[in-house]
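Working notes, beginning with the structure itself.
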Amino acid sequence: MNKVFLSGKIVGNPELRMESNDSAHLSLVMSVRHRTRSGETHQELYHVNAWNNAARWAAENLTKGQIVAVQGYLTQRQIQAGGITATAT
C-alpha cells in the first residue's frame, strides 16, 4: 500500500491551473519538520498536487503560511540536470 500522511506549513502561494480537458490542477509546496532517532531536526520540502474538486477547494481556502495535513500517495520519476540522472519522489 502506498499511503502517506504529511503535516506542515505551506511555503508560497498555491497555484491553480486549468488543464486542457477542463480539470483543475493545484500545486503547492509544503515544509515538513521532523526529528530523527538521534534527536536532530530535519526540514524537508514536498511538492503536493490536487486535482478537480480538491484542487478547487484548496485554491479557495489555503494560503501561504497555513499549517495543513494532507493524505495521499508518493510517486517517483527520473529527472536529468547537468548530465546527472536522479530520482525525484
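All values derive from a computational prediction rather than experimental measurement.
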| query | How would you list, by chain and number, every residue that makes a ring pair (Phe, Tyr, Trp, His ring centres under 6.0 Å) with H47, sequence neighbours excluded? | reply | none
| Shared hydrophobic cluster for V68 and Y46 (ILVMFWY, side-chain gaps under 4.5 Å) | yes
| note | In terms of heavy-atom contacts, L28 and M30 come closest through CD1-CG, 3.6 Å
| query | At their closest point, which heavy atom of G8 faces which heavy atom of V32, and how far apart are they? | reply | CA-CG2, 4.4 Å
| message | Hydrophobic clustering (ILVMFWY, side-chain heavy atoms < 4.5 Å, transitive) - are V70 and I10 grouped together? | response | yes
| Has the side chain of N2 got a donor or acceptor atom that lies under 3.5 Å from a matching backbone atom of L74? | yes
| More than 12 foreign heavy atoms under 6.0 Å from OH of Y73: is that the case here? | no
| Tell me, do H42 and T36 make a side-chain contact under 4.5 Å, heavy atoms counted? | yes
| said: Within the structure provided, determine whether T87 and Q78 are in side-chain contact (heavy-atom separation under 4.5 Å). | reply: yes
| field | Pairing residues for R17 by the salt bridge (charged side-chain N to carboxylate O under 4.0 Å, His left out) criterion, not counting sequence neighbours | value | E19
| said: Looking at W57, is its backbone amide N or carbonyl O close enough to the side chain of E60 to form a donor-acceptor pair, meaning the two atoms are under 3.5 Å apart? | reply: no
| said: Is it true that, when you exclude R56 itself, more than 12 heavy atoms of the residues, nucleotides or ligands shown sit nearer than 6.0 Å to its CZ? | reply: yes
| Transitive ILVMFWY cluster of W51, excluding itself - 4.5 Å side-chain cut-off | none
| query | What is the minimum heavy-atom distance between Q43 and S31, and which atoms define it? | reply | NE2-OG, 2.7 Å
| Looking only at heavy atoms, which two atoms of N13 and K64 are closest? And how far apart? | OD1-CB, 3.4 Å
| query | In Å and rounded to the nearest 0.5 Å, what is the CZ to NZ distance from R33 to K9? | reply | 8.5 Å
| query | Shortest non-hydrogen contact from Q66 to N61? | reply | OE1-O, 3.4 Å
| request: Go through the steps to decide whether N49 and L26 satisfy the test side chain to side chain contact (heavy atoms under 4.5 Å, CB included), and finish with yes or no. | output: CA-CA 6 Å; N49 294 289; L26 180 111; over 6 Å; no
| task | Provide the closest heavy-atom pair for L16 versus A24 in the form atom of the first, atom of the second, distance. | result | CD1-CB, 3.9 Å
